[in-house]
Amino acid sequence: MSDQNPTSRPAATGGIFVTTHWTVVLAAGRVGSPQADVALEELCRTYWYPLYAYVRRHGHSREDAEDLTQGFFARLLEKNYLEGISSDGGRFRSFLLVALKRFLANEWDRANRQKRGGGVSPLSLDWQDAENRYQITPADDLSPDKLFDRAWAMVVLERVITRLRDEHHREGKGDLYEQLKPFLMAGKGEVPYAKAAADLNMSEGAVRVSVHRMRKRYRELLREEITQTLANPAQAEEEMQALFSALAGA
């Protein structure tokens, strides 16, 4: 395992899945390794906002939520909470939430938070952006757990859209992407192909092909992104369904 890149994207090779972020962490277990440390920290940097939203929805102030979230990551990165990682079914999402609940239940007091870290450098997180995002969250009756799931789903989709955009721009297809991105989620028959064709100076048939290819690549990137947070790639379809259910408020 030590010769694999923890940031590599999952890909099938001879029926074997290349190691992903979360599998690197799981393989290291409580012992830890430089690769596992880097992989875990990258996952935390990417998916920390759902935890912040969870803490805020539990009634904590902005300041306390910042402190609690940062304190949680300091403990997590010290490996204090890795001993129970096998109990969550191999989903990083589930592991994070279970670990956070344990932290909030047992180690939330300010005295402990003031002494957090033990020499571990705190993660650099954009608290202002987090609070802005939280404030525009609809004031519905979502429980903290359901809000966590919805925030998780939104983070995943944001990462996928960013990767898709960057790919198109690297290939010199930035204008094509900007024109067609509104059609990624459009239902069948809802894409105004004729207008898009006129705007892009392309045939309607070429636009249909481009939209089809963009949607296909979007689905591929979504599966890759989700697989990065699973111990078992076979769970990807189930996790995708959970993601869409969270977005729908189910």
Side-chain angles (χ1 to χ4, degrees), residues 3-24 35 38-50 92-93 124-126 129-130 132-133 150-230 233-244 246-247:
D3 60 346
Q4 302 212 30
N5 183 352
T7 62
S8 62
R9 294 292 175 189
T13 305
I16 300 176
F17 238 74
V18 175
T19 302
T20 58
H21 286 134
W22 187 224
T23 52
V24 170
Q35 277 189 318
V38 170
L40 180 59
E41 182 167 338
E42 183 171 344
L43 283 167
C44 290
R45 285 183 185 281
T46 300
Y47 298 109
W48 67 273
Y49 172 71
F92 180 66
R93 168 173 60 95
S124 177
L125 304 174
D126 189 348
D129 178 67
N132 290 342
R133 294 174 67 180
R150 178 182 287 182
W152 173 275
M154 291 301 299
V155 168
V156 172
L157 294 185
E158 288 168 4
R159 284 179 59 82
V160 171
I161 289 295
T162 297
R163 290 181 61 191
L164 187 65
R165 179 201 65 200
D166 291 348
E167 282 188 0
H168 278 76
H169 280 271
R170 283 197 301 270
E171 296 169 1
K173 300 178 181 178
D175 290 342
L176 180 69
Y177 170 79
E178 297 301 332
Q179 287 285 341
L180 300 186
K181 69 177 180 180
F183 308 143
L184 280 173
M185 302 299 181
K188 188 175 182 180
E190 295 179 7
V191 179
Y193 290 108
K195 182 179 185 306
D199 291 341
L200 290 166
N201 195 26
M202 296 168 60
S203 69
E204 188 172 329
V207 171
R208 288 179 180 272
V209 170
S210 294
V211 170
H212 173 76
R213 288 174 176 169
M214 185 178 290
R215 286 175 168 174
K216 180 182 178 185
R217 184 56 180 155
Y218 174 85
R219 290 192 296 270
E220 291 172 349
L221 292 175
L222 178 59
R223 181 174 291 274
E224 286 186 10
E225 190 65 38
I226 285 177
T227 304
Q228 291 281 14
T229 65
L230 298 173
Q235 296 176 317
E237 190 62 37
E238 179 182 344
E239 193 75 342
M240 287 175 71
Q241 292 303 314
L243 180 147
F244 292 125
L247 291 174

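Positions are given from 1 along the sequence. Any value given below was found using the heavy atoms of this structure, including those in side chains, with hydrogens, waters and symmetry copies removed.
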For Gln179, enumerate each residue passing the side-chain hydrogen bond (donor to acceptor under 3.5 Å, both in side chains) test, keeping only those at least two apart in sequence or located in another chain. none
Nearest 0.5 Å please: distance from the CG atom of Leu230 over to the NE2 atom of His21. 13.0 Å
When rounded to the nearest 0.5 angstrom, what distance separates OG1 in Thr46 from CD in Glu158? 11.5 Å
The criterion is side-chain contact (heavy atoms from CB on, under 4.5 Å); which residues satisfy it with Ala206, sequence neighbours excluded? Met202, Ser203
Between the CG atom in Leu200 and the CG atom in Leu176, the distance rounded to the nearest 0.5 Å is 6.0 Å
As a quick check of understanding, evaluate side-chain contact (heavy atoms from CB on, under 4.5 Å) for Val156 and Thr229, giving each step before the final call. CA-CA 10 Å; Val156 172; Thr229 65; over 6 Å; no
For Arg213, what residues pass the salt bridge (charged side-chain N to carboxylate O under 4.0 Å, His left out) criterion, not counting sequence neighbours? none
Return the minimal non-hydrogen interatomic distance between Leu40 and Trp22, and the atom names on each side. CD1-CZ3, 4.3 Å
Between Arg217 and Glu224, which heavy-atom pair has the shortest distance, and what is it? NH1-OE2, 4.1 Å
Full working for side-chain contact (heavy atoms from CB on, under 4.5 Å) between Arg165 and His168: CA-CA 5 Å; Arg165 179 201 65 200; His168 278 76; over 6 Å; no
Of all heavy-atom pairs linking Ala236 and Ile226, the shortest is O-CG2, 4.2 Å
What's the separation between atom CD in Gln228 and atom OG1 in Thr23, rounded to the nearest 0.5 Å? 8.0 Å
Any residue meeting side-chain hydrogen bond (donor to acceptor under 3.5 Å, both in side chains) with Asp199, in chain and number order, not counting sequence neighbours: Lys195
Minimum heavy-atom distance between Val160 and Leu222, given as atom pair plus value: CG2-CA, 3.6 Å
Point-to-point distance, once rounded to the nearest 0.5 Å, from CZ of Arg170 to CG of Asp166: 6.0 Å
Restricting to ring-ring contact (aromatic ring centres under 6.0 Å, His included), what partner residues turn up for Tyr47, sequence neighbours left out? Trp152
Could you give the distance from CZ (Phe244) to CG (Leu157), rounded to the nearest 0.5 Å? 6.5 Å
Say whether, by atom type as modelled, one donor and one acceptor occur between the side chain of Arg215 and the main chain of Phe183 under 3.5 angstrom. yes
Identified side chain to side chain contact (heavy atoms under 4.5 Å, CB included) counterpart of Leu221 within the set Glu167, Lys216, Arg159: Glu167
In chain order, what residues pass the side-chain contact (heavy atoms from CB on, under 4.5 Å) check against Glu237, with sequence neighbours excluded? Arg223, Met240, Gln241
side-chain hydrogen bond (donor to acceptor under 3.5 Å, both in side chains) partners for Arg219, two or more places apart: none
Is a side-chain donor or acceptor of Glu204 paired with a backbone partner of Ala197 at a separation under 3.5 angstrom? no
